[in-house]
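Remarks on the structure that follows.
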Amino acid sequence: MKLFDDLKWRGLIKDITSDDLEQKLNEETLTFYWGTDPSAESLHLGHLSSLLTAKRLKDAGHHPILLVGGATGLIGDPRPSKERQMITKESLLKNYEGIKNQITTLFGYEIVNNYDWSKEINFIDFLRDYGKYFNVNYMLDKDIIKRRLENGITYTEFSYMIMQALDFLYLYENKNCQLQVEGSDQWGNITAGVELIRKKIGKEAYGFTMPLVTDASGNKFGKSEGNALWLDKNKTSSYELYQFLVNVEDEMVISYLKIFTFLSKDEIEQLAEDHLKNPHLRHAHRALAQELITFIHGTEEYLKALKISQSLFSGNFEALNAQEIKEALKDVPNFKFALNDNVLNVLINNNICISKREAREFIANHSITINNKKIIDENYLITNKDLIGEEILIIRRGKKKYYLGIK
RNA sequence: GGAGGGAUAGCGAAGUGGUUAAACGCGGCAGACUGUAAAUCUGUUCCUUCGGGUUCGAUGGUUCAAAUCCAUCUUCCUCCA
């Protein structure tokens, strides 16, 4: 299958700036860029679809440049709702380093920082050399700006689009970068760049956007309990990732396989068929977890996540010895406890519950188990006989949340 | 600079002196059913030593009693200049 058709089949193309792009992608060798602002220390699952698309393009022979926005990050891309809180220069720098390292480790692609070229532009030159190419009416017409006019937008964020357009121009002129690939929220910024390149140097540049990855209810994909799932395994363990992926809604799993794995069309169609026949076996979910985790953290991490999940959810972890459990559960939240303490205290002191009231509620609902035994008495004391190997304790809250207690 | 209207729990939104720890919806959490899925149903959603304590933008006041009345401040919106 040709590259463009593959991208389309995977649902990775939302808008393209020109129909010529199909042929260019299929037949030429392009330099392209994808950018993100360093607004956190680590990338998260939401970024991964773009990064994987970049890899798909690279594998098809195109040259990727990944831009980390040391300059644009200081300004803030307008969100549809309201003005952003500006990030300090110090934390931006810290985030920049984190993300740069992450991308380098994962992909090893060329990384550029738009601060390097943006910092030199002085205000008067900016207005004379670039400002003249931007018609305010045109900018106001962009969807993202239009939406913000109702709630107000500052000049700072209004200018973001210009900075990103400058990036594209700079990369076009200095690195022969002809294509920008971003998530669909970047459409306005991409077209601003394409337009600038056309007006200022009379050249044709291209862009396409990828649809926002969502869950079945249309929310942004990649959050668990309101927290982002990070690509940094110290922030989100491979076990957590595995759990998230294996619990993905059935109706979404196939589209995620297309977006987040490098499995072929045949392989994915086979999984779709398996899934339809035997949904409870969840072959598609398992494949998604395996492919994704192996890609970002490696086989060893994947096997670890799998082993932990299996031992926890098969319910026979009592057969394991303390050392095995400790190793397997290294990534679930840990806590210390004292013997002969009341179960309520243990739950509260270790953030398993947020208050005594809640802890009582969980116990009344039969939601708490210790070593797979339901605790129904809120005065239950934890004693030596609850310990596995005389030192550890496994507390489960609800069906899926595990906590490992170490004496 | 002027006039008016807002600010209530994670979000949206009722509530205009006492029976209001604050309706309702969403979201969250848990239980049942399942497949560690979805849908559905049920419960729950400030803290508590279960006596009570602390909450409705902030501070101060009136009152036996305030989310509700008054003053000042902060902040958002609309209109006018």
Side-chain angles (χ1 to χ4, degrees), chain A residues 79-85 147-154 157 214-229 237-257 271-272 274-290 292-293 302 305-317 328-329 331-333 341-345 347-370 372-379 394-403:
Chain A
R79 281 191 289 217
S81 49
K82 56 171 192 250
E83 197 84 3
R84 282 172 196 267
Q85 184 83 34
R147 287 209 254 172
R148 280 289 296 278
L149 288 179
E150 289 164 32
N151 299 318
I153 179 167
T154 62
E157 289 195 358
T214 61
D215 64 19
S217 12
N219 301 311
K220 259 192 200 170
F221 172 80
K223 298 216 162 162
S224 162
E225 300 202 24
N227 299 315
L229 289 153
S237 68
S238 31
Y239 164 73
E240 282 174 83
L241 268 183
Y242 185 91
Q243 284 302 313
F244 175 79
L245 295 167
V246 137
N247 281 302
V248 146
E249 300 108 316
D250 283 17
E251 52 187 300
M252 300 307 289
V253 68
I254 299 302
S255 69
Y256 294 157
L257 279 168
L271 283 166
D274 284 357
H275 178 71
L276 217 60
K277 277 189 207 145
N278 293 303
H280 61 284
L281 296 179
R282 290 184 294 169
H283 284 309
H285 292 82
R286 289 174 208 279
L288 176 66
Q290 175 173 2
L292 198 153
I293 295 170
Y302 162 70
L306 182 67
K307 185 182 167 197
I308 299 170
S309 298
Q310 280 173 346
S311 41
L312 288 180
F313 289 96
S314 63
N316 68 356
F317 53 80
L329 300 192
D331 285 333
V332 311
D341 203 357
N342 181 296
V343 66
L344 284 178
N345 292 333
L347 293 175
I348 297 155
N349 295 339
N350 300 298
N351 296 321
I352 298 170
C353 304
I354 57 163
S355 70
K356 192 165 269 191
R357 207 220 79 258
E358 191 184 78
R360 287 199 172 112
E361 186 187 319
F362 284 137
I363 290 174
N365 283 339
H366 297 189
S367 312
I368 301 290
T369 71
I370 291 181
N372 221 21
K373 284 192 294 286
K374 276 200 162 62
I375 301 301
I376 50 174
D377 175 11
E378 62 176 58
N379 297 314
I394 301 169
I395 295 186
R396 193 182 77 192
R397 192 196 100 193
K399 266 181 218 163
K400 299 174 194 169
K401 275 175 226 72
Y402 285 90
Y403 303 84

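In what follows, every heavy atom counts, from backbone to side chain, and hydrogens, waters and symmetry copies are set aside. Because the structure is predicted, anything quoted here is derived from the model rather than measured. Proteins come first, then strands; the chains are lettered A, B, ... in the order of their sequence lines, and each starts at number 1.
Taking atom C1' in both B/rU55 and B/rG10, one finds a spacing of 16 Å when rounded to whole Å. The gap from the P atom of B/rA58 to that of B/rG4 amounts to 24 Å, rounded to the nearest Å. The C1' atoms of B/rA23 and B/rU68 are separated by 16 Å, rounded to the nearest whole Å. When the C1' atom is compared between B/rG6 and B/rA14, the two are found 15 Å apart, to the nearest whole Å. When the C1' atom is compared between B/rU16 and B/rA7, the two are found 16 Å apart, to the nearest whole Å. A gap of 13 Å separates the P atoms of B/rG5 and B/rA71, to the nearest Å. Comparing B/rC46 with B/rG2, their P atoms sit 43 Å apart, to the nearest whole Å. B/rC64 and B/rU59 are spaced 23 Å apart, taking the P atom of each and rounding to whole Å.
By the side-chain contact (heavy atoms from CB on, under 4.5 Å) test, A/Asn350 is found to be paired with A/Phe335, A/Val346, A/Ile352, residues two or more places apart in sequence or in another chain being considered. Partners of A/Leu276 according to the side-chain contact (heavy atoms from CB on, under 4.5 Å) rule, which considers only residues two or more places apart in sequence or in another chain, do not exist here. Residues passing the side-chain contact (heavy atoms from CB on, under 4.5 Å) test with A/Gln290 are A/Thr294, A/Tyr302, sequence neighbours excluded. For A/Pro279, the side-chain contact (heavy atoms from CB on, under 4.5 Å) criterion is met by A/Asp250, A/His275, not counting sequence neighbours.
Side-chain atoms of A/Val246 and A/Arg282, non-hydrogen and from C-beta on, do get closer than 4.5 Å to each other. Between A/Phe362 and A/Leu347 the shortest side-chain heavy-atom distance does not fall below 4.5 Å. Side-chain contact between A/Ile363 and A/Leu344 is present, with at least one heavy-atom pair separated by less than 4.5 Å. Contact check for A/Ile394 versus A/Val332: no side-chain heavy atoms found under the 4.5 Å cut-off.
One can place CG of A/Asn365 at 10 Å from C1' of B/rU42, the figure rounded to the nearest angstrom. One can place CD of A/Glu358 at 8 Å from P of B/rC47, the figure rounded to the nearest angstrom. Counting to the nearest Å, the C1' atom of B/rG28 and the CG atom of A/Asp215 are 14 Å from each other. One atom, CZ of A/Phe221, and another, P of B/rA37, lie 17 Å apart when rounded to the nearest Å. A/Asp274 has its CG atom 20 Å from the P atom of B/rA37, to the nearest Å. Rounded to an integer number of Å, the gap from A/Ile348 CD1 to B/rC46 P is 16 Å. Separating the CD1 atom of A/Ile352 from the C1' atom of B/rC29 is a distance of 15 Å, rounded to the nearest angstrom.
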Sub-3.5 Å pairs of nitrogen or oxygen atoms, protein against nucleotides 38-40 of chain B:
none

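The partner of B/rA66, taking Watson-Crick or G-U wobble pairs whose two distances both stay under 3.5 Å, does not exist in any strand shown. Figure legend. B/rU74 is base-paired to B/rA7; pairs are counted as Watson-Crick or G-U wobble with both atom distances under 3.5 Å.
With hydrogens and angles ignored, a donor-acceptor pair under 3.5 angstrom links the side chain of A/Lys399 to the base of B/rU34. The base of B/rU36 sits with one of its N or O atoms less than 3.5 Å from a complementary donor or acceptor on the side chain of A/Gln243.
Applying the 4.0 Å criterion to OP1 and OP2 of B/rA30, one finds that A/Lys401 has a side-chain N or O inside that range. Taking side-chain N and O atoms only, A/Lys356 has no distance below 4.0 Å to OP1 or OP2 of B/rC47.
Residues of residues 275-282 of chain A having a heavy atom closer than 4.0 Å to RNA chain B, listed by number: A/Pro279, A/His280, A/Arg282.
Of the possible polar contacts, none joining the A/Gln243 side chain to the A/Tyr239 backbone as a donor-acceptor pair under 3.5 Å is found. Remark: side-chain polar atoms of A/Asn278 are not paired, donor with acceptor, to backbone N or O of A/Asp274 under 3.5 angstrom.
Position along RNA chain B of the nearest nucleotide to A/Ile354 versus A/Ile368 favours A/Ile368 as the more 5'-ward residue. Both A/Ser355 and A/Arg396 sit near RNA chain B, but only A/Arg396 has its closest nucleotide nearer the 5' end.
In this structure B/rG10 sits in the anti conformation; its chi angle is more than 90° from 0.
Nearest nucleotide to the side chain of A/His285, out of B/rG35, B/rU36, B/rC47: B/rG35.
Among the protein residues, A/Val253 comes within range of no part of the nucleic acid, since none of its heavy atoms lies under 4.0 Å from any strand. At the heavy-atom level, A/Arg360 lies under 4.0 Å from base atoms of the strands shown.
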Where do A/Asn345 and A/Asp341 land on the side-chain hydrogen bond (donor to acceptor under 3.5 Å, both in side chains) test, with the steps shown first? CA-CA 7 Å; A/Asn345 292 333; A/Asp341 203 357; 3.1 Å; yes
